[in-house]
Each structure stands twice: as C-alpha cells, then as structure tokens.
Amino acid sequence: MAQYKKINVPSNGNKIKVEKGKLIIPDNPILAFIEGDGTGPDIWRASKRVFDCAVEKAYKGNKKIAWMEIYAGEKALSLYGKDEWLPDETVDAIQEFQVAIKGPLTTPVGGGIRSLNVALRQLLDLFACVRPVKYYPGVPSPMKRPQEVDIVIFRENTEDVYAGIEFKSGTKEAEDVRKYIEKKSGKLIRKNSSIGIKPMSEFGSRRLVKKAIDYAIANNKKNITLVHKGNIMKFTEGSFKEWGYSVAREEYEDILITEDELTSKYNSRLPEGKIIIKDRIADSMFQQLLLRPSEYDILATPNLNGDYISDAAAAQVGGLGIAPGANISYSTAIFEATHGTAPKYANLDKINPGSLILSGVMMFEYMGWNKVGQIIENALKKTIKSKIITYDFARQMDGAMEVKTSRFADEIIKNMK
C-alpha cells in the first residue's frame, strides 16, 4: 500500500481489488471521497449519512464502508500549498483504491489546471462519462410527459475539443498552426484567430461504444443510438458513427441489428434477445428527446455532444440538482455530482443533495451492492412524493415544505425500509 502525506488510509477497511478485469469487493471496502468546493461539504455530509444508513439497512452490520478523504480543489490548495489544486497523491489514491465519489469542484481561473474534472478524467483515462437521466414522480418539470424520459448517456470523455489543444489568438503558435493548415489544406483561416484542435480516434470511439453496448446488454435495453454531427464534420464525428457501427458488426453481430435490418428482415418487430443500433444527427437528437423520448434507451456520443445532451436531458426531468453521473475506465471509477459549486449557497445547508445521492446509487450498483442502491432510490422517491424538499423543488411545487439539506437527508433516512 502506498504511503501518503495528507491522506489517512482507514485501518478498518480493505482495498477493492481487480482480478481478470472484475472488481472484488470486500465487506468493508475503502471508498475515497472528495467533499468538493462551495456547497460540496453540505451535500457530502447529507449524502454520507444516507449512504451509511442504507448500507446498515441492507446488510445489518455485516458490510460497512470505510470512508477515506482525498483532496482536490480549494481544500487541496489549503492543505498542500500553492498551485496544488489536484495533488499527485489524490490521483495515485484513486488508482490504488479503484472507486471514488466527489462533490463539485472549483475550476481555477487564470492559470493552473483549466478544469479539475477534465484533468481527473484524462489523468486516470476515465473514458466513459455515464449519465442516467430518468424522471422521479413529483419532481417539477417543464415537460408534459417527463415520465417518458429514461435514458443512459455514454459520453466519450478524453478526446474531442475537450482534449484542451488550443492556441490563443495573436500567439506565434496560433499563427504557425494557421499557416500550416492553409498550406496543407488550402482552407483560409482569418488572421488573429484562436484555434482549437478536435482529435477523435478509432481507439477512443470504439471503446466508448463497446462500453455502451455492454451496458445495454447487461441491463436488457432495447436500443442504442450513436449521436454525431457527421453530416458536417465527416472525418471526426462521421468517423465516430462508422467506428461505432464497426464495433457492432465485428463483436456483436448475433445481438445487434440496424434499423434497416429491423425493417427488411424482421418486419419492424424487434425479435427477442436483439438490440437495435441506430444513429441520429446531434441537433435532431435534441428534438427527439423532447418529442419522442420513449424511443431511446442508450445514447453513445462524442465528448462535446454528450455534454450538451446530458444537461439538456436532465432539464426535462428536474435539472442538474437531481442528475447523477460517473466517469469510468475499465475498473477505476469516480462518481460525482453533475452540477457546479454554487458558492453563494456555500455553508447555508440549502442545496439539493439529490445529484450526489443518486451518484452514490450508481456507485453501489457498480460495486454490486444493488440492494443499497434500491433502498436509497425508493426512499428518495417517497421523500419527493411527500413534498418535504429543498428550496429548488419547493419553489415550484404547490403545498411543498421547504427544508434544509440536512433535514432532507433526515427525511430520506426516515423513509428507508
């Protein structure tokens, strides 16, 4: 076990191990957590109590989490010193202990790491951002039929414009790139342009689509949709689509069928045990999620498209306050609140902890502790239905009682069976 300067490894827990690509979960797993910045400490305290209570309810003391705090963002800066927004030992600890959960993190302004979240994804090669989006009865929604939204978005997490390859207007680097592109392609770029590079690889695209397909199979989903803008960006997003279909043909021929095959071979009726693979242009997909959401189960997207679509879909079912997320590699995973730090509400015990709590549900399912996830999710549904809720929902619901973050957690715990 590695030695750490600031991280205290719990003596009452054991490490999660990986054998032949599978997680081996002990009865007392050490799980790393990052409180987060702004409202992070408030929602973490509430969420941790919910998690611990659900584990106790599920396993009657036979299983228990050993929590290990690790550091990023403002707390890391105060502990480790200047410019240590993301200490090396935090990354090392996540690699060693496999599973972590985190609150929202500040993005430093003017220098340093441009985004701590992006840095974690790239340093740990967490190539799949997984965002389930579904409606919980009673949650305020602008939609007439929000209950029809029940999708899981698999967003490629390491490439595309988020790779961070940019050249600022007026720099020699930007001018050199501009001249090179003009010379090689004949395409004119205006002088004093800022320039960004959009890399998308066959390797990165195929592994993302494969992970989405494996999830669809494991969870008995009916369809998977490749979302792209290949009609315009033919060699990046168009290739993403083609590589996705290649994975389907080469590795899942006995399970996946295309929309054309569904019509021509199966008379538009999906056979038992088959999954449809289809594709949609990104802007059309936004319309589809609004008009025909029930026709979509799994979306596989490049990085930027997935960022937009997952937030827009979350708005249909109540917003980011109740939207969970995870960043996953082959075995390492970080589960996270998908909203920002909301610093003006910091330490006010006010913010909805639902995003982090549901990210915890994803974490327990990832660990195979499904019973814990079910207890939490059922209790959360009852609490929302009771209308004893935080301000973000209370202000939109008739007859609701607005309560603090900590009281909301109390209500969830009370509603556990």
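Residues take their numbers from the sequence shown, with the count starting at 1. As the structure is a computational prediction, the values presented were derived from the model and not from experiment.
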* Any side-chain heavy-atom pair from Thr341 and Asp37 closer than 4.5 angstrom? -> yes
* Asked: Can you tell me how far CD1 of Ile101 sits from OG of Ser359, rounded to the nearest 0.5 angstrom?
  -> 6.0 Å
* **Side-chain donor-acceptor contact under 3.5 Å, Tyr252 with Asp214** => yes
* Heavy-atom side-chain contact between Thr158 and Arg207 under 4.5 Å -> yes
* Value rounded to 0.5 Å, distance of CD1 in Ile257 from NZ in Lys278 -> 11.0 Å
* Asked: Side chains of Met363 and Leu31: closer than 4.5 Å at any heavy-atom pair?
  -> yes
* Output yes when a side-chain donor or acceptor of Ser310 lies under 3.5 Å from a complementary backbone atom of Asp307, and no otherwise. => yes
* Hey, could you give me the CD/NZ distance between Glu182 and Lys191, rounded to the nearest 0.5 Å? => 8.5 Å
* Asked: Do you see a donor-acceptor pair shorter than 3.5 Å between the side chains of Ser201 and Glu159?
  -> yes
* Evaluate the ring planes of Tyr4 and Phe97, with Trp represented by its six-membered ring, and classify them as parallel (under 30°), tilted (30 to 60°) or perpendicular (over 60°). => tilted
* To do: Mind running salt bridge (Lys or Arg N to Asp or Glu O under 4.0 Å) on Glu89 and Lys5 for me, showing each step along the way?
  => CA-CA 8 Å; Glu89 70 175 22; Lys5 295 178 182 177; over 6 Å; no
* Asked: Going by heavy atoms in the side chains, are Asn303 and Val161 under 4.5 Å from each other?
  -> no
* Asked: Can the positive tip of Lys371 be found less than 6.0 Å from the middle of the six-membered ring of Phe364, inside 45° of the ring normal?
  -> no
* To do: State, without any angle test, whether Asn415 and Thr383 hold a side-chain donor-acceptor pair at a distance under 3.5 Å.
  => yes
* Describe, in one word, how the ring planes of Trp44 and Phe33 are oriented to each other, choosing from parallel (under 30°), tilted (30 to 60°) and perpendicular (over 60°). => parallel
* Are Glu175 and Arg178 ion-paired here, with the side-chain N under 4.0 Å from a carboxylate O? -> yes
* Heavy atoms only: give me the nearest Ser47-Ile357 pair and the separation to one decimal. => OG-CG1, 3.4 Å
* Nearest heavy-atom neighbours spanning Ser169 and Ser194 -> N-OG, 2.9 Å
* Structure fact -> In short, Ile94 meets Ala100 closest at the heavy-atom pair CG1-CB, 4.2 Å
* **Heavy-atom closest contact (Glu74 atom, Thr106 atom, distance)** => OE2-OG1, 3.2 Å
* Got a sec: does the NZ of Lys64 have more than 12 other heavy atoms crowding it under 6.0 Å? -> no
* To do: Please tell me if the side chains of Ile197 and Phe167 come closer than 4.5 Å, counting only heavy atoms from C-beta onward.
  => yes
* Mind checking the CG-CG spacing from Leu299 to Asp279? Nearest 0.5 Å is all I need. => 12.0 Å
* **Ser115 side chain to Val118 backbone, donor-acceptor under 3.5 Å** => yes
* Asked: When you measure from the side chain of Asn62 to the backbone N and O of Tyr59, does any donor-acceptor pair fall under 3.5 Å?
  -> yes
* To do: Working to the nearest 0.5 Å, report the span between CD1 of Ile276 and CD of Glu261.
  => 10.5 Å
* Any sub-3.5 Å donor-acceptor pair from Gln98's side-chain atoms to Leu23's backbone N or O? -> no
* Tyr136 side chain to Glu377 side chain, donor-acceptor N/O pair below 3.5 angstrom -> yes
* Any cation-pi pair here, Arg155 with Tyr162, using under 6.0 Å and within 45°? -> yes
* To do: Calculate, to the nearest 0.5 Å, the distance between atoms OG and CD belonging to Ser264 and Glu259 respectively.
  => 11.5 Å
* Is Glu250 salt-bridged to Arg206, going by a charged N under 4.0 Å from an acidic O? -> yes
* To do: Taking the side chain as every heavy atom from C-beta outward, state whether Tyr215 and Ile224 have any pair of such atoms under 4.5 Å apart.
  => no
* Can you spot which of Lys75, Lys48, Lys102 makes a salt bridge (charged side-chain N to carboxylate O under 4.0 Å, His left out) with Glu35? => Lys75
* Asked: Under 3.5 Å, is there a donor-acceptor pair between the side chain of Thr301 and the main chain of Val227?
  -> no
* Any donor-acceptor pair under 3.5 Å from Tyr135 side chain to Gly138 backbone -> yes
* For the residue pair Ile213 and Val247, establish whether any side-chain heavy-atom pair is separated by less than 4.5 Å. => yes
* Asked: Should the ring pair Phe127 and Tyr330 be called parallel, tilted or perpendicular, given that the plane angle runs from 0 to 90° and is split at 30 and 60?
  -> tilted
* To do: Decide whether Ser406 and Asp349 meet the rule of one side-chain donor and one side-chain acceptor closer than 3.5 Å.
  => yes
* Is there a donor in the side chain of Asp392 and an acceptor in the side chain of Thr390, or the other way round, less than 3.5 Å apart? -> yes
* So with a 6.0 Å cut-off around CG of Asn231, is the heavy-atom count from everything else above 12? -> yes
* Asked: Do Leu290 and Met143 come close enough that some side-chain heavy atom pair is under 4.5 Å?
  -> yes
* Structure fact -> Minimal heavy-atom distance between Pro324 and Met362, with the atoms involved, is CB-SD, 3.8 Å
* Minimal non-hydrogen separation, Ile309 against Ile153, with atom names -> CG2-CD1, 4.0 Å
* May I ask you to check whether Tyr308 and Phe286 place their ring centers less than 6.0 Å from one another? => no
* Can Glu336 and Arg121 be counted as an ion pair, charged N to O under 4.0 angstrom? -> yes
* Between Lys350 and Tyr391, is NZ or CZ placed under 6.0 angstrom from the six-membered ring centre and within 45° of the ring axis? -> yes
